[in-house]
Amino acid sequence: MPHKPFKAVIPAAGLGTRFLPATKAMPKEMLPVVDKPAIQYVVEEAVESGIQDVLIIIGRNKNNIANHFDSVPELETTLERKGDIDRLAKVKHSSDLADIHMVRQGEPRGLGHAVWRAKAHVGDHPFAVLLGDDLIDERDPLLPKMLAEYDRRGAAVVALMEVDPEQIHLYGAAAVEATDDPDVVKVTGLVEKPNVDEAPSNLAVIGRYVLPPEVFEILERTEPGKGGEIQLTDALQELATATAEGVYGVIFRGRRYDTGDRLDYIKAIVQLAADREDLGPQLRPWLQEFAATL
Ligand code: G1P
């Protein structure tokens with residue numbers, strides 16, 4: 001039976017400790033990447049992939065996110081009065097983008113727990129999970145391929161990317177076997193943030209998942225793992241090893257921007273701005289001049 005359209009779940013309830021004090025009163029997902037909050041890129045990616053229903057799992061400081069995706073009549077009226085049509089369109093865009101829902105995580109008990117909080121909204125249907133730390137360049141679409149693989153194989157799909165082995169301790173790492181598609185692997189095991197010498201490969205889970213509803217039952221009984229948190233990776237390890245359908249990985253070879261730590265966040269902004277038509281022509285020569293002074 002064909003499933004209902006996929007819903008998207010965006011966990012945004014982390015404490016954002018790496019960005020303190022910027023994240024003292026604002027979720028890290030609201031930090032601007034050039035001129036849009038990181039979470040807007042992620043919602044736009046879901047919409048571009050054909051998903052209209054987006055559930056954001058929020059923590060403290062939730063109002064910032066809710067307000068961003070809501071209309072702001074007084075701002076719209078002011079821009080209208082000034083005839084600033086471009087900015088008016090940008091302001092309206094984020095509130096018209098998708099059908100946005102919110103649920104609170106309550107206690108921050110880990111990514112697995114955040115995803116589990118989506119259970120009532122998602123119901124008995126497959127869904128996509130998008131993490132705001134990983135921005136996928138819109139010119140290199142990843143999620144549509146993952147949704148298609150879910151449909152083809154009827155199994156959970158994670159996004160995998162080769163990383164420098166020295167970096168694997170920052171990610172979930174996958175043990176894999178080849179399939180007939182060079183961009184798709186069968187995942188035979190997953191470990192959350194292993195040491196380099198214990199990692200099954202240098203294939204890192206990047207923050208895109210397409211999951212069956214069965215994952216909720218697994219998450220419900222998943223014990224706290226790495227860092228004392230309920231890990232999505234541990235639930236996926238069970239899906240990969242203890243279910244007939246298993247888990248597949250789509251290998252991503254496109255442009256990804258990591259906004260999860262400060263240095264990578266700065267790099268992401270520079271890379272994206274340098275590529276933009278409105279900013280790139282001025283930024284690129286300046287970057288060259290600046291680099292020459294270093
Ligand atoms: C989370 C997941 C990890 C995954 C990563 C991708 O970790 O737990 O498995 O590889 O996202 O960004 P976090 O970055 O939230 O610590």
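Indexing begins at 1, ligand by ligand and atom by atom, following the structure's order. Along the sequence shown, residues are numbered consecutively beginning with 1.
- Taking the six-membered ring where the residue is Trp, H101 and H121 present tilted rings, their angle falling between 30° and 60°.
- By the side chain to side chain donor-acceptor pair (under 3.5 Å) test, R18 pairs with no residue at all, sequence neighbours left out.
- Aromatic pair Y209/F127: centroids not less than 6.0 angstrom apart.
- When all heavy atoms are compared, the tightest approach of L142 to A159 is CD2-CB, 3.7 Å.
- The residue from T23, T17, D133 that alone fulfils the side-chain hydrogen bond (donor to acceptor under 3.5 Å, both in side chains) condition with K28 is D133.
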Between ligand 1 and the protein, give all atom pairs where both partners are nitrogen or oxygen and the distance is under 3.5 Å, as lines of names plus distance to 0.1 Å.
unit_1, atom_1, unit_2, atom_2, d
ligand 1, 7 (O), K193, NZ, 3.4
ligand 1, 8 (O), E192, OE1, 3.4
ligand 1, 8 (O), E192, OE2, 2.6
ligand 1, 9 (O), G172, N, 3.1
ligand 1, 9 (O), E192, OE1, 2.6
ligand 1, 9 (O), T233, OG1, 3.1
ligand 1, 10 (O), G172, N, 2.9
ligand 1, 10 (O), V205, O, 2.6
ligand 1, 12 (O), D134, OD2, 2.8
ligand 1, 16 (O), K193, NZ, 2.6

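- Between Y265 and Y257, a ring centre-to-centre spacing not shorter than 6.0 Å is recorded.
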